[in-house]
Amino acid sequence: MLRRLILASFALLPLAMPCAHADGVKVDEASRLRALVPAEQLEQSAGQQYHQMLRAAADKRALAPANHPALKRLRGIAERIIPFSARFNPRANAWRWEVNLIASREANAFCMPGGKIAFYTGLIDGLKLSDDEIAIVMGHEIAHALREHARERIAKTQLTQLGVGLLGHFVGQGRYADAFNIGGNLLTLKFSREDESDADVVGLDLAARAGYDPRAGISLWQKMAKAGGGGGFAWLSTHPAGKDRIREIERHLPEVMPLYERAQNPHTQKQKG
């Protein structure tokens, strides 16, 4: 039933722009279903939830101050990755990016729509992540935001509740926001396997362009596999490790290693160009 609703709704939506690049990874165009959920309103809702979370962490004295070494490390990595984000989504140029660190045994990290990034100390310390491995995690989470997986997931979840007839009415009137509830908890939103694979690939590209070794994706998931699902590793519950995931990363290394090598030797590459 959901498949029929989704297919029928395609005819009602504007065409999506293809996401094609001369180098690096190749990804499919983003789903047209995103158009059903207004990006501006979703990003506003995400920003509100993000700052509520930060206030709650601050009340518990768990929010890292700006001079915290681990937070400075995270922000330094983000500063190198973010400049390449618009390659996958031009909206990223207008986002008010934020990076924060929360002291918690929970091992988690995320990037909400609009560029709101948070890491938990349990992930960094629990897995003893290197800068390259942090960049892989951060690139993956940023990729979810850039590829607007939350918009697509919300649309798919609520399509069956609306029905094609009602959807057609709202789309015809240009009133997407009235049709879709975007006030839910974005922190608990779960992505599909396809979304996760997409984020893995785009994240590798972003990290490599920023000068972080994409091969760290292999060591990261090897650590994840050893950690298993216990010990409060919340990130593992939504990002299960496995040999298939590592094989997929290895398959894309030939596409991203040249980006990493170019980032390591920018002067040489300029001379060649």
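All residue numbers refer to positions in the sequence shown, counting from 1. Fair warning: this is a prediction, and the values are worked out from it, not measured in the lab.
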For Phe84 and Asp205: C-alpha separation, side-chain torsions, deciding distance, then whether side-chain contact (heavy atoms from CB on, under 4.5 Å) applies. CA-CA 9 Å; Phe84 299 101; Asp205 186 290; over 6 Å; no
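- Between the side chain of Asn89 and the backbone N or O of Ser85, no donor-acceptor pair lies under 3.5 Å.
- With sequence neighbours excluded, no residue forms a side-chain hydrogen bond (donor to acceptor under 3.5 Å, both in side chains) with Trp97.
- Here the closest heavy-atom approach between residue Ile81 and residue Gly139 is recorded as CD1-N, 4.3 Å.
- Using a distance-only test at 3.5 Å, with no hydrogens or angles considered, no donor-acceptor pair links the side chain of Ser45 to the main chain of Leu42.
- Tyr212 is not listed as a side-chain neighbour of Leu204, based on a closest heavy-atom distance of 4.5 Å or more.
- Between Glu261 atom CD and Gln264 atom CD the span is 9.0 Å, to the nearest 0.5 Å.
- Side-chain contact between Ser219 and Glu133 is present, with heavy atoms from C-beta onward closer than 4.5 Å.
- Rounding to the nearest 0.5 Å places CE of Met224 at 11.0 Å from CD1 of Ile246.
- Applying the salt bridge (Lys or Arg N to Asp or Glu O under 4.0 Å) test to residues at least two apart or on different chains, none of the pairs has a partner in residues 54-63.
- Pairs of residues two or more places apart, or lying in two chains, that qualify as salt bridge (Lys or Arg N to Asp or Glu O under 4.0 Å) and include a residue from residues 67-80 are Arg73-Asp131.
- The pair Glu40-Arg91 counts as a salt bridge, with a side-chain nitrogen and a carboxylate oxygen less than 4.0 angstrom apart.
- When every heavy atom of Pro65 is checked against every heavy atom of Leu71, the shortest pair comes out as O-CD2, 3.3 Å.
- In this structure, the side chains of Arg245 and Glu196 come closer than 4.5 Å at one or more pairs of heavy atoms.
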Salt bridge (charged side-chain N to carboxylate O under 4.0 Å, His left out) assessment of Asp23 paired with Arg87: CA-CA 11 Å; Asp23 59 358; Arg87 185 178 187 84; 2.6 Å; yes
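- Once rounded to the nearest 0.5 Å, the distance linking NE2 of His149 with CZ of Arg151 reads 12.0 Å.
- Formation of a donor-acceptor pair under 3.5 Å by the Arg105 side chain with backbone atoms of Gly122 is not found in this model.
- The shortest non-hydrogen separation linking Met53 to Ile102 is CE-CD1, 3.8 Å.
- The only option from Arg147, Glu148, His140, Glu141 that meets the side-chain hydrogen bond (donor to acceptor under 3.5 Å, both in side chains) definition with His144 turns out to be His140.
- Listed here is the closest heavy atom pair of Pro83 and Ala78: CD-O, 4.3 Å.
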Glu255 vs His252, test: side-chain hydrogen bond (donor to acceptor under 3.5 Å, both in side chains). Steps then yes/no. CA-CA 5 Å; Glu255 298 171 335; His252 287 282; 2.7 Å; yes
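- Scanning all heavy atoms of the two residues, the minimum distance from Ala208 to Val256 falls at CB-O, 3.5 Å.
- Checked against side-chain hydrogen bond (donor to acceptor under 3.5 Å, both in side chains), Ser192 has the following partners two or more places apart in sequence or in another chain: Arg153, Glu194, Asp195.
- In this structure, the side chain of Lys128 does not engage the main chain of Gly126 through any donor-acceptor pair within 3.5 Å.
- Smallest separation of non-hydrogen atoms from Leu123 and Ala109: CD2-CB, 3.7 Å.
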Run the side-chain contact (heavy atoms from CB on, under 4.5 Å) test on Asn100 and Tyr50 for me, step by step, so that the C-alpha distance in whole Å, both residues' side-chain angles and the decisive distance to 0.1 Å come before the verdict. CA-CA 10 Å; Asn100 282 284; Tyr50 182 78; 2.9 Å; yes
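- In this structure, His68 contributes its side chain and Ala64 its backbone to no donor-acceptor pair below 3.5 Å.
- Looking at heavy atoms from C-beta onward, Leu220 lies in side-chain contact with Ile136 at the 4.5 angstrom threshold.
- Side chains of Leu253 and Pro214 form a contact here, defined as non-hydrogen atoms less than 4.5 Å apart.
- Looking at Ile142 and Ile117, their side chains come closer than 4.5 Å, going by heavy atoms from C-beta outward.
- Under the salt bridge (Lys or Arg N to Asp or Glu O under 4.0 Å) criterion, Glu248 pairs with Arg251, not counting sequence neighbours.
- Once rounded to the nearest 0.5 Å, the distance linking CG of Asp125 with OH of Tyr120 reads 14.5 Å.
- The shortest distance between side-chain heavy atoms of Phe88 and Leu206 falls below 4.5 Å.
- Legend: salt bridge (Lys or Arg N to Asp or Glu O under 4.0 Å) pairs involving residues 210-222, not counting sequence neighbours, sorted by first then second residue: Asp213-Arg215.
- Taking 4.5 Å as the limit, every side-chain heavy atom of Lys116 sits out of range of all side-chain heavy atoms of Glu43.
- A donor-acceptor contact shorter than 3.5 Å links the side chain of Thr121 to the backbone of Ser104.
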